[in-house]
Structures are given as structure tokens and as C-alpha cells.
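Since the structure comes first, as C-alpha cells, the remarks are kept for the end.
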Amino acid sequence: MTEHATAVAHAPFSPVTVHVGDVDRWSKTIIPTLRDAPAEATTPSHQLLLRAGYIRQVAAGVYDYLPLAWRSLRKISQIIREEMNAVGGSEMLMPAMAPREIFDQTGRAEDYGDDLFQLTDRHGRATVLGPTHEEVITDFLRHAVTSYRQLPLILYQIQSKFRDEVRPRAGLLRGREFIMKDAYSFHLAVEGKGGLDETYDAMFRAYSNVFARCGLDFTAVEAEAGPIGGSASHEFMVNCETGEDTILRCPVSGYAANVEKCEIGARAWSFEGNADAPLTKVNTPNMPGIEGVAAHLGVTAADMLKTVVLEPAPGVESGGIDWVLAVVRGDHEVNEGKLRDAVGFKVVLADEKRARAAGFAIGYVSPLSGALTAGKSVVVVDPDAAQGNTVWATGADVPDHHVTGFNWSREMAAALADSSYVKVAEIRNAMVGDPSPRESGAVLVEQRGIETGHIFKLGCKYSDAMGFHVMDETQKRHSVIMGCYGIGVSRTMAACVEMSHDDSGMIWPASIAPYHVHIVLMKPNDAEHAAVAEQLSAQLSTAGLDVLIDDRKERPGVKFKDADLIGMPIRLTIGAKALEAGGVECKARSDPGKGEMVPMDQVLERCLSTLTT
RNA sequence: CAGGGUGUAGCUCAGCUUGGUAGAGCACCUGCUUUGGGAGCAGGAUGUCGCAGGUUCGAAUCCUGUCACCCUGACCA
């Protein structure tokens, strides 16, 4: 029979009852490996994905997924499908493009700003490429769901998303077009059976399952939840030194959070100071940063107060407050989320021009300058910036000058008594070594991670904005309560490479490896060797394993190097040596050795046991 | 967006200072030899030197502009 045999007659329908693995040949697909890493790649996963022939760049942050990558992505997607379906999700597919109008309705066109890909069609209609699909799905469901009886409902899709990131980077780790699983849940209530909390918790477990099944070492952390809901957001971080996110963890209680969200254990504070150093003005011209000023003053950054001027975010109700002064210790960073919670409205860094016009000596601001706008400003002091007995250095409220000997109780006695003017609250980012918020005596430790998943209690933000209501059993109208749950599928693949590789190449976990077994055919022209490969791969695929046969007419060294590079979990080498002994050479990719001879009738068993341990 | 860097063959890069027929290694094609960790020999093919202007008898090289890509920062799956 020739390769071009006449078409096989297929039955109209034949249910698949057993899973049969794929058998592919290197010579029939394309795996363009590179000897040298392309110059533009600096991150391990980016370099390896390029070198091993998984991806090619099309434009900044936009990539082709070549056959190997697509196989892995499909496996990750399948794991996600199984876990989403297990919690009652239904898969669907929404379009990538949508009318801008619905993003205007929720205000997200503005929130996303330039990150939103926008285009105009031939009729002049404003159109966007979806960064996520809350609007699209809410727009659909507000027409399709009319009764509480249809809830709860969980829908998801796996699709390319578009975000015009300011700076795409590190290959697939941050692209402008990327593959994402986005799920949305809809509820009548937050609590109780069928409520948001129940689904959120189920999703948390499903996400844990997904990442565990993908063979990833990960940590679930509390994340910044935005303006809607307290502890209602978690991120799933793949633990990896090269990750761009910082998470803090309490080794005793297990508490873990994104640095942006991480709480800090209680600290004593006091405005009382018994230091008698006088308040002294010092000329500090052209001092670049707080470190420079501190050095000039002969103190450390931790002896200084940093006063940051912020203002209410556009459009928020601030109760007549025009300026928010955040005071933290000089070596600390203001956390805008915590500050928002402290003052009760969202704040943004003040527009420098306006702040100067209002009298703030930007760069030299002290807590005293809040008085410049009496009745219209509030000063929020971090506990670490109010420690008794400390004499602070801070700005002098005039350009090019700082003061030393700042004493809270002496300098601001009257103001401190007015709790509506001066508040003390935790408003800084947590740092390694800070006290744990959950276990007294424990301190936070730091680790790096790659955010691959994020789950979120949305509440009614979108349903309110878009008018998605249902009637409950008492004929009362309710805004539908929503949750949303994202996984960066392409990022997950890259994170896996980032986490699991060595000097020679990738090391895939069995569950998401493009192929389970990589057969290196030493002599592809030798009929006997080819027959053994044929027979072995048939046996392996019948058992459900995916097999790649390297049948190229290349020298052994080239094939071994490429096998290491593309990183399949098991390599079987078919060569004269082992065949004479009645077997093939079997080597696990994660095993540093040279592999060992396995008798032919034990190869399948060996593969299965290697893959499942 | 600000700061920094790079654009020359499929990949890594040299050539540019001081203008004069566009190069190397690897990869690719043909042949021979070789065949268990990126082989050897011989022959061959490969480029609008990112693009557009300008200066010049002559521009990869000098000048101007522009585009693309990468890296460092605030956001995010």
C-alpha cells in the first residue's frame, strides 16, 4: 500500500472508547532548533522556547506557537477544561473583537487606557480587541438569564487575549497577544449554597488542581482585590527565582500574599518624643534621592520621614478632601491600596503642577505642609513613621532644604489631636523581615513568583454597570453577583520552562510535555531499526503515550543535543548496541546519567513507571 | 512613556574610527568519507547592510530623519 492510498472509508460516527497516543516523526513536522540563542532573548524560558523550536516572534509580544508548543498548550488547556468542567463550568467561545461601546458602559475603556487595543472598522465603528471578557459575557447573559433559577452559572473559554502592554517582555511571560482561560461565575447571593463564596472556594481548589497537575511548584497568595471586596482575590504564583512578582510568606502560619497586598503585624507607635534635639533647617541642594539626603545629613533613610502628596482619584467622592499626605519611613514605600482603605477613597499620585500651585514643595514636603490647605487635606502616618524617642529628618517645605530634629508631638501637637486630620494606619508595602500579621513573633520571608492564575470576587461591578438583573423568589430584583477567574495558558507553559530546565534544555513534566517519549533512531535507514521504532511506538501509543520519532538523517550527537533541548520526559535510543542485547536504551530527561538498556518487552512498563513517578 | 542599547546571510557576530567590488563561524544545497553527544574534505548557494533622504566621483561606513526590536522602571494572565 502506498502513502497515497485511496481515502479510508469512515463510518459516519464512531465513538472513541480508548485513548490512543500520537506518533509523529521529526521529519514530517517542523522543530527548528537553534544552536545559539537569539540575541533578543535574555530570559531562560524565552531563550529555550526559541532555541528548542517552540515559538517564533512575529512582533513585540506576539508569537507563533509552533507544533511542539501547541501540543503542550493543548495539554495544559485540556487539564484546565477537566478541572473547570468538574466544578460545573461550561465551555464556550466569545469573539476576540467587540464593540467599544460595551467597554464604555463599564468604564473599562478608560480604566484600561492605552492597554486596550482599539481599531475602527470600515464603517467607522469603534472596536476593541478583548483584554478579558466581562463585558461581552455580561452583555450576553443579561439577555439570556432572566430568572434566579438559572443561577448559579459558570462559563469559561480558552482564547487569545489582547493587551497593548507598555512593555512586552520575556517572550511568552508577558505578551501583547496571549492565550488565556477566562471563567465567569454568576450568582444571586454571596453566601450559602450556590453563592459566590462557594464557587470561589471551588475555583480555588480547581486552580490548585490545575497547577499541581501541570507539575508546577506554586503558591496561592492573597492579592490586591481592588475597590470591591476585602480578601476576595487570590493569585497563583509559580515559584521561581526569576519571577517578576514578589510574594511574602509567614513560615509559621502559612500566610502568603503579594507584596502589594501583604499585611504587616501590629507595631507599637507613639507620637511622643523625648528627644530634645532642636528643629534645624539644613541646605540640601541637588540631592538626588532620599539616600543622598540622608547621607548628607549624616543619618540613614530609616531616620527620615517620606511625605508623599496624593489626591483623590478622578471622580471619587472624597468628602471635600483635596490632598492626601502619606507619611512613611524613608526606607519604606507607600502602598496606594492600603492608603485607599485608610482614607476611604481611591487616591493617585498628585499632579505635580497642581500640587506645587497649592504650595507643596514637591521633593521637600514634610508632614507639616498638610496645614497649607487647612480643612482640605488629611495626613496619614504609617506606624513605623511614628516611633517614640525617634528624632526625624524630613523635608523643610521649601525647595533645597530639609530639617533635622523633627519631633511629632512638639511640631504638630494641635494637629495630632484632630483625628480627622491626622490618622495612623498601615500604608506601606510589607518587606522581608516585617512581623507576620498572623503569628506573633514570626517574620515574613520573601520569594519570587510568576503569576499564572488570578481569581477574583467581582461583586456587581459589571452587572450594575450593564444592567444585568434577575428576579428572586420573592419577586425582588437583584443585580447578579459575579466572580472571574483567569489562567494565563501561554504564560503557564513559559513558567514551566522557566521553573524546570538545565544547561542542556527543557525538562517537561509528563502531564504537559508535547510528547511523552522521544525515540532517537540512530540509523533511520536501517530497516531493522526502523521496524523496531515502528513496533515500539505502536505499543506505546496504544497505551496512550505520545511519541516523537527522530528519524532525521543526522549524526547521533545532533540528535542527542536536540533531544535534551526539547526536553521530553523519556528518551529511547534505538541503536545497534542495545538491539544486539535485545532492547533499547532508556533515559529519563531529568536523570543526569546516560540511560540504561531495557529489554524490549519491558520498555512500556518502564516508560509508564517513569512517567508516573 | 522616560532612560539605555541593538539593527549587516536562517543563527551568533566582524567590518564602520580613517568612505573605494559585503565577510567569518555555524546552519543550508551537492558529492565523497564518517556514524553513540552539535564530524571531515571538496564544491555551491545565500544579503535592498532596517527604511528614507542628504553629503560624495563613490556610503554598510559620514550627516539628518524615521521605523523596528531588546533591556531597566509604574501595570497585569
Side-chain angles (χ1 to χ4, degrees), chain A residues 32-43 46-47 50-51 53 56-62 76 80 111-116 130-133 158-183 207 210-211 223-224 226 233 235-238 243-245 258 260 333 336 348-349 449-456 484-495 504-505 520-526 529 552-565 571 573-579 584-585 587 594-595 597:
Chain A
T33 57
L34 300 170
R35 189 176 292 229
D36 305 305
E40 74 261 19
T42 54
T43 314
H46 190 191
Q47 288 183 339
L50 286 166
R51 273 194 66 207
R56 282 295 184 269
Q57 183 173 50
V58 176
V62 180
I76 296 169
I80 293 172
D111 289 350
Y112 259 93
D114 290 336
D115 278 8
L116 195 62
T132 61
H133 280 63
I158 297 172
Q159 181 205 45
S160 288
K161 291 289 186 281
F162 300 85
R163 293 184 195 173
D164 198 358
E165 295 280 350
V166 180
R167 190 156 90 77
R169 109 168 74 148
L172 260 33
L173 285 178
R174 174 189 307 230
R176 295 193 299 163
E177 175 176 339
F178 57 96
I179 300 173
M180 180 177 177
K181 184 283 299 182
D182 46 324
Y207 270 48
V210 165
F211 295 119
E224 173 57 43
S233 178
E235 289 167 338
F236 290 78
M237 300 282 193
V238 170
E244 52 181 346
D245 286 279
N258 192 308
E260 296 152 17
E333 293 292 327
E336 289 182 17
V348 294
L349 208 56
I450 300 168
E451 181 192 353
T452 52
H454 198 163
I455 60 177
F456 210 101
C484 73
Y485 318 89
I487 292 178
V489 179
S490 44
R491 181 184 277 182
T492 297
M493 178 176 74
S504 301
V520 174
L521 207 42
M522 300 297 285
K523 295 188 174 183
N525 287 337
D526 184 306
H529 291 202
R552 292 176 299 168
K553 294 175 183 60
E554 288 287 351
R555 294 175 57 81
V558 173
K559 294 186 173 187
F560 289 140
K561 288 285 185 190
D562 276 345
D564 288 344
L565 186 57
R571 187 185 81 196
T573 305
I574 297 179
K577 271 188 197 171
L579 283 184
V584 297
E585 181 192 292
K587 177 186 176 302
K594 285 266 179 190
M597 209 283 289

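Below, chains carry the letters A, B, ... as their sequence lines are ordered, and counting in each starts from 1.
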Looking only at heavy atoms, the pair that brings A/P524 and A/R552 closest together is CG-O, 3.5 Å
Between A/N258 and A/P38, the residue closer to the 5' end of RNA chain B by nearest nucleotide is A/P38
Mind checking if A/D114 touches a base, just sugar-phosphate, or nothing, with heavy atoms under 4.0 Å? nothing
What I want to check is whether an N or O donor and acceptor connect the side chain of A/D115 with the base of B/C76 at under 3.5 Å.
no
Item to check | Inter-nucleotide C1' distance (B/U46, B/A24), Å rounded | outcome: 14 Å
Could you tell me whether A/A39 contacts a base, only the sugar-phosphate backbone, or nothing, with contacts defined as non-hydrogen atoms closer than 4.0 Å?
sugar-phosphate
Heavy atoms under 4.0 Å, any strand shown: does A/A183 hit a base, just sugar-phosphate, or nothing? nothing
Give one of base, sugar-phosphate or nothing for A/R176, where a contact means two heavy atoms less than 4.0 Å apart. nothing
Side-chain donor/acceptor of A/R571 to base of B/G37, under 3.5 Å: yes
Spell out yes or no: do the side chain of A/R174 and the base of B/C75 have one donor N/O and one acceptor N/O closer than 3.5 Å?
yes
Check whether the side chain of A/R491 and the base of B/C76 form a donor-acceptor pair under 3.5 Å. yes
* Side-chain donor/acceptor of A/R167 to base of B/U72, under 3.5 Å -> yes
The answer to which of A/K523 and A/T452 contacts RNA chain B further toward the 5' end, by nearest nucleotide, is A/K523
| If you look at every strand shown and take non-hydrogen atoms under 4.0 Å, does A/D564 touch a base, only sugar-phosphate, or nothing? | base
Determine the contact category for A/K594: base if any of its heavy atoms lies under 4.0 Å from a base atom, sugar-phosphate if only primed atoms, P, OP1 or OP2 are that close, otherwise nothing.
-> base
Would A/F560 pass as stacked on B/G38, i.e. its ring centre under 5.5 Å from the base's six-membered ring centre and planes under 30° apart?
-> no
Taking only the C1' atom of each, what is the distance from B/A74 to B/G3 in whole angstrom? 14 Å
By the Watson-Crick or G-U definition, both distances under 3.5 Å, B/A77 is matched with none
Exercise for the section: Quick one: label A/G453 by what it contacts on the DNA or RNA (base, sugar-phosphate, nothing), any heavy atom closer than 4.0 Å. Expected result: sugar-phosphate
**Report entry** Whole-angstrom distance between B/G20 and B/C62, as gauged at atom P
**Finding:** 11 Å
